[in-house]
Amino acid sequence: MDDVVIVGAGPTGLWLAGELRLGGASVTVLESRRERDPHSKALTIHPRTIEIFDSRGIAEPFLAEGVRIPDGHFGGLPDRMDFSVLDTPYPFTLALLQARSEEILEARARRMGAAVRRGCRVAGLARDGAGAAGGVVLADGEVVPARYVVGCDGTRSTVRTAAGIDFPGTDATTWGWLGDVVLDAPPERGAASFSGTGGGLLVVPLPGGIHRLAGSDPLTDRPEWPGDLTLDELRATVRRITGTDFGMRDPVWLSRFGNATRQAAAYRAGNVLLAGDAAHMHFPTGGVGMNVGIQDAHNLGWKLAAVATGRADGPLLDTYHEERHPVGADLLEHTRAQTALMTAYSAEGQALRAVVSGLIATSPDMSRELAERLSGLNVAYATGGRVRNLRLEDGGTLFERLRGGGHVRTEAGLVRPDGHLADPAAA
């Protein structure tokens, strides 16, 4: 029997698997897909996530392959937040296809001894004699036993449903769209944003010579599903917003997404836990979803490994919900606010966008605060905030020392394995 079975081999589940192995716990990851999804729902990697990768020694492939973007948008506003002012070694976002991110994270998890099984559709939880979850049951009847189960299986989480955890929130009222396409005449500055009464559009260059076009428009501002997106519809919509279609051709992926917004009422129910999209669902504004999921896993991994291997008592797991549920709630508030700005198509809405955009351009403190929230650098728990990459007395750095997976003593105080200050009582 493994210590932990993880359901879902996306970025959240794969990062958690590596963290559990770093802490000495045995783990199996189950994924329903036989092959990795080639379509990249998530492609933005924010500064705090890059710091996390550095603190485990795997930032280099992301830095080498990702497209660096030195600023970020809030609600698709034309004036962008300057990331160069952020207190981090990585004052930029990276654009990298999710499939490649997953490839890197899976290689790390396997290298550290995690088992990853594909083509395994989970049907529900297995129960022990006392009624507690004792692993999962696959669709073919196989039982995969484990002492703990973590659902990293997306917004329609089977684990969450089987555990009886509520997922309250609101249904979709508007729809966004995206297209990964070749552009013969892309915007000169690479990443660009456009907005007006006809809708809003973001253009982001991706590796491999393609661009992602993502946005929303008044014609899809309704609760009903608008139907599958076609290249002709995307071309007409982009022309309506910008006056050009940038010479788009050869679509790699066309998709729609809604603004349904929900959060799990509890991130833990006994020995069942949730992370990533299984715990929070939102409109993908700002590209933060995958990052928050990885950061969920980074918070949970060292705690669950410590409890599973007997180095800590069970109550440590309660701090996972206590610390990460408020972060998820803040994520939902932020994405809702950005959605309101992105879908402000009326004349009054356009005036609001102009005012807020102007404040970002002329109020450095406001721009920086929004950037810190978007990038994940401002997250703090009751024990303390994230600690920057301090130079240590032995000449090394904090991030280098954290690669061992333990607590690190610094001039700022005792730092937890996830890079946040520990409770002073733990010293």
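This one's a predicted model, so the numbers in the text were calculated from it and none came from an experiment.
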Could you tell me if [Y] and [X] have a donor-acceptor pair between their side chains, going purely by distance under 3.5 Å?
X	Y	value
Thr49	Tyr90	no
Asn259	Trp175	no
Tyr381	Arg324	yes
Arg68	Thr93	no
Thr174	Asp221	yes
Asp365	Ser363	no
Arg388	Thr88	no

With a 4.5 Å limit on heavy-atom distance, are the side chains of [X] and [Y] in contact?
X	Y	value
Lys41	Pro284	no
His46	Thr44	yes
Ser375	Arg48	no
Tyr267	Val272	no
Leu352	Val356	yes
Gln263	His282	no
Ser367	Arg80	no
Ile52	Gln295	yes

Can we say [X] and [Y] salt-bridge, meaning some charged N sits less than 4.0 Å from an Asp/Glu carboxylate O?
X	Y	result
Glu65	Arg100	yes
Asp277	Arg156	no
Asp228	Arg256	no
Asp171	Arg262	yes
Asp330	Arg373	yes

Ring centroids only, cut at 6.0 angstrom: are Phe246 and Phe194 within range, meaning strictly under it?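 Yes, ring centres under 6.0 Å apart.
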
Under 6.0 Å between the ring centres of Phe83 and Phe92?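 Ring-ring flag for Phe83/Phe92: false, centres at least 6.0 Å apart.
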
Find the distance between [atom1] ([X]) and [atom2] ([Y]) and round it off to the nearest 0.5 Å.
X	Y	atom1	atom2	result
Arg118	Leu30	CZ	CG	11.0 Å
Leu300	Glu323	CG	CD	11.0 Å
Arg117	Leu138	CZ	CG	6.0 Å

Where the side chain of Tyr345 meets the backbone of Gly198, is there a donor-acceptor pair that is under 3.5 Å apart?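 No; zero donor-acceptor contacts below 3.5 Å.
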
I'd like to know if the side chain of Thr319 reaches the main chain of Glu322, judged simply by a donor and an acceptor atom lying under 3.5 Å from each other, with no hydrogens or angles considered. no

Heavy-atom closest pair, residues [X] and [Y]:
X	Y	answer
Ala109	Leu14	CB-O, 3.9 Å
Asp245	Gly247	OD1-N, 2.9 Å
Leu20	Gly301	CD2-O, 3.6 Å
Leu206	Asp180	CD1-OD1, 3.9 Å
His298	Arg56	CE1-NH2, 3.4 Å

Given Val181 and Leu213, is the side-chain contact (heavy atoms from CB on, under 4.5 Å) satisfied, shown in steps? CA-CA 8 Å; Val181 297; Leu213 281 63; 3.9 Å; yes

For Phe283, is the NZ or CZ atom of Arg336 found under 6.0 angstrom from the centre of its six-membered ring and inside 45 degrees of the ring axis?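 Geometry flag: not set, cation outside 6.0 Å or 45°.
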
Using the six-membered ring of Trp15, assess whether NZ or CZ of Arg108 lies under 6.0 Å from its centre and within 45 degrees of the ring axis.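 Judged by the rule, Arg108 and Trp15 form a cation-pi pair.
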
Should Val5 and Val27 be marked as a side-chain contact (heavy atoms from CB on, under 4.5 Å) after you check the CA-CA gap, both sets of side-chain angles, and the distance that decides it? CA-CA 6 Å; Val5 61; Val27 58; over 6 Å; no

Determine whether more than 12 heavy atoms belonging to other residues, nucleotides or ligands lie under 6.0 Å from atom [atom1] of [X].
X	atom1	value
Arg222	CZ	yes
Arg249	CZ	yes
Glu369	CD	no

Apply salt bridge (Lys or Arg N to Asp or Glu O under 4.0 Å) to the pair Glu31 and Arg36, showing each step before the final yes or no. CA-CA 9 Å; Glu31 170 56 47; Arg36 185 173 291 110; over 6 Å; no

